[in-house]
Amino acid sequence: MTAQHRFRIAVIPGDGIGQEVVPEGLRVLDAVAPGRFEYEHFPWGCQFYLQTGRMMAEDGLERLQTFDSIYFGAVGWPGVPDHVSLWGLRLAICQGFDQYACIRPVRLLAGVPSPLRNATPERMDWVVVRENTEGEYAGIGGRNLAGRGAGKQVAVQAGLFTEEGCERIMRYAFDLALTRRHKVTSVTKSNAQQYGMTLWDDVFAAVARDYPAVETEHWLVDAMAARFVLKPETLDVVVASNLFADILSDLGSALAGSLGIAASANLNPEGRYPSMFEPVHGSAPDIAGQGIANPIGAIWSAALMLHHLGLSAEGQRVMHAIEVATAAGQVPPDLGGRCTTHQVADSVIAALADQ
Ligand SMILES: NC(=O)c1ccc[n+]([C@@H]2O[C@H](COP(=O)([O-])OP(=O)(O)OC[C@H]3O[C@@H](n4cnc5c(N)ncnc54)[C@H](O)[C@@H]3O)[C@@H](O)[C@H]2O)c1
């Protein structure tokens, strides 16, 4: 890679506030690394579905395959069933591109109020590592027997846990812990789910033996929900299945101030496919179109993309600029401020210019 290398980014704003926060993330990317990115925009999402019957083009994955990364907004809109929109676009990309490691940092940013008493940036700094391709979101199951009459329908939704799938996400979590505070907590519900989740436990124990420098713990998900609230300072890397980590990371982001600031990376760590970067939040139809969506989740996700592309210094600059803006109270209504989406990004860009 030369200094002139331009990264090709596929941009999928999607629905609702995805359309509002993604352009702000792009402005920040261009401010921190001018000329380094070439964007191609894809109009996929619920409007595209209503026009074409598909959430993305038929050759969508083929087209995305050639990009360095994907920058995503959110998907989902009233009028299209949520399982259709999610499976037709976001999950299709995560699974199709084997983006098995979903990384969701939880950190209290400077100046952001937490609903927790005694919350400080030091006490609140952990990463949720979510298995992103199988588990409860494997899409295996079915519905039947509606023909037997009202009230007789049945549904089966299976969870898929493979030894290989468990092992690779755990190795990712342990490697990440080596760059942090050397602690990994595995979260399951293996007392009640005695097949898939005991396999998860066994693989966790086996992988842990390869990482003697990392402290390990095993917690049940219900107890972990309480621990997120009561003892967040004891967390470093939390690895969990697709569903559990999805729920826990929303809890974590709420404790860190708002769902609107939560960022995520969907990684194919081996680089066989492009990785995807997106805010954790959804399309928020309740506030879409008002210009008040918090863009920090999208901007933080852009910072994660910068790290992934090898532009770590630029990623750190963006994180610093976000905290300059939050510390100065330049925040939107979900964080108690009065700024618009655009003004928050303006503040981040101004802080970048001051560095
Ligand atoms: N990754 C995704 O694309 C994704 C994730 C979750 C939900 N969804 C979809 O989004 C739609 C709405 O779902 P939902 O309401 O459960 O979740 P949501 O995340 O869209 O909204 C939950 C609440 O948080 C608020 N919120 C979310 N992001 C915000 C932001 N950036 N700034 C300020 N406030 C914000 C919303 O106003 C809402 O009150 C559904 O169609 C759902 O399927 C998509």
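Here, residue 1 is the first one in the sequence, and each next residue gets the next number. Each ligand, and each atom within it, is numbered from 1 in the order the structure gives.
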A.B. asks: Which ligand 1 atoms does Gly76 reach within 4.0 Å, using its non-hydrogen atoms?
C.D. replies: 41 (O)
A.B. asks: May I ask whether atom 41 (O) of ligand 1 is less than 4.0 Å from at least one protein heavy atom?
C.D. replies: yes
A.B. asks: With atoms numbered from 1 as shown, which atoms in ligand 1 lie under 4.0 angstrom from a non-hydrogen atom of Ala74?
C.D. replies: 3 (O)
A.B. asks: May I ask whether atom 25 (C) of ligand 1 is less than 4.0 Å from at least one protein heavy atom?
C.D. replies: no
A.B. asks: Identify, by atom number and element, the atoms of ligand 1 in contact range of Ile17, meaning under 4.0 Å from any of its heavy atoms.
C.D. replies: 28 (N), 29 (C), 30 (C), 31 (N)
A.B. asks: Heavy-atom distances under 4.0 Å are what count here, so tell me which part of Asn294 touches ligand 1: side chain, backbone, both or neither.
C.D. replies: both
A.B. asks: Closer than 4.0 Å and a protein heavy atom, does any atom meet both conditions relative to atom 13 (O) of ligand 1?
C.D. replies: no
A.B. asks: Do Thr188 and Gln193 have side-chain N/O donor and acceptor atoms under 3.5 Å apart?
C.D. replies: no
A.B. asks: Taking only non-hydrogen atoms of Val280, do any sit less than 4.0 angstrom from ligand 1?
C.D. replies: yes
A.B. asks: Relative to the ring of Phe97, is the ring of Tyr273 parallel (under 30°), tilted (30 to 60°) or perpendicular (over 60°)?
C.D. replies: parallel
A.B. asks: Looking at Glu24, Gln330, Arg27, which one forms a side-chain contact (heavy atoms from CB on, under 4.5 Å) with Asp346?
C.D. replies: Arg27
A.B. asks: Which label fits His5 and Phe7: parallel for a plane angle under 30°, tilted from 30 to 60°, or perpendicular past 60°?
C.D. replies: perpendicular
A.B. asks: Hey, which atoms in ligand 1 end up nearer than 4.0 Å to a heavy atom of Glu278?
C.D. replies: 1 (N)
A.B. asks: With rounding to the nearest 0.5 Å, note down the distance linking SG in Cys166 to CG in Leu199.
C.D. replies: 5.0 Å
A.B. asks: Are more than 12 heavy atoms from other residues, nucleotides or ligands located less than 6.0 Å from atom CZ of Arg181?
C.D. replies: yes
A.B. asks: Find all atoms of ligand 1 within a distance of less than 4.0 Å from any non-hydrogen atom belonging to Ala293, and give their numbers and elements.
C.D. replies: 32 (N)
A.B. asks: Taking the six-membered ring for Trp and the full ring for Phe, Tyr or His, determine whether the centres of Trp44 and Tyr49 are under 6.0 Å apart.
C.D. replies: no
A.B. asks: Does Pro285 come within less than 4.0 Å of ligand 1, judged by its heavy atoms?
C.D. replies: yes
A.B. asks: When you compare the side chains of His308 and Ser69, does any donor N or O come within less than 3.5 Å of an acceptor on the partner?
C.D. replies: no
A.B. asks: Can you find a protein heavy atom under 4.0 Å from atom 16 (O) of ligand 1?
C.D. replies: no
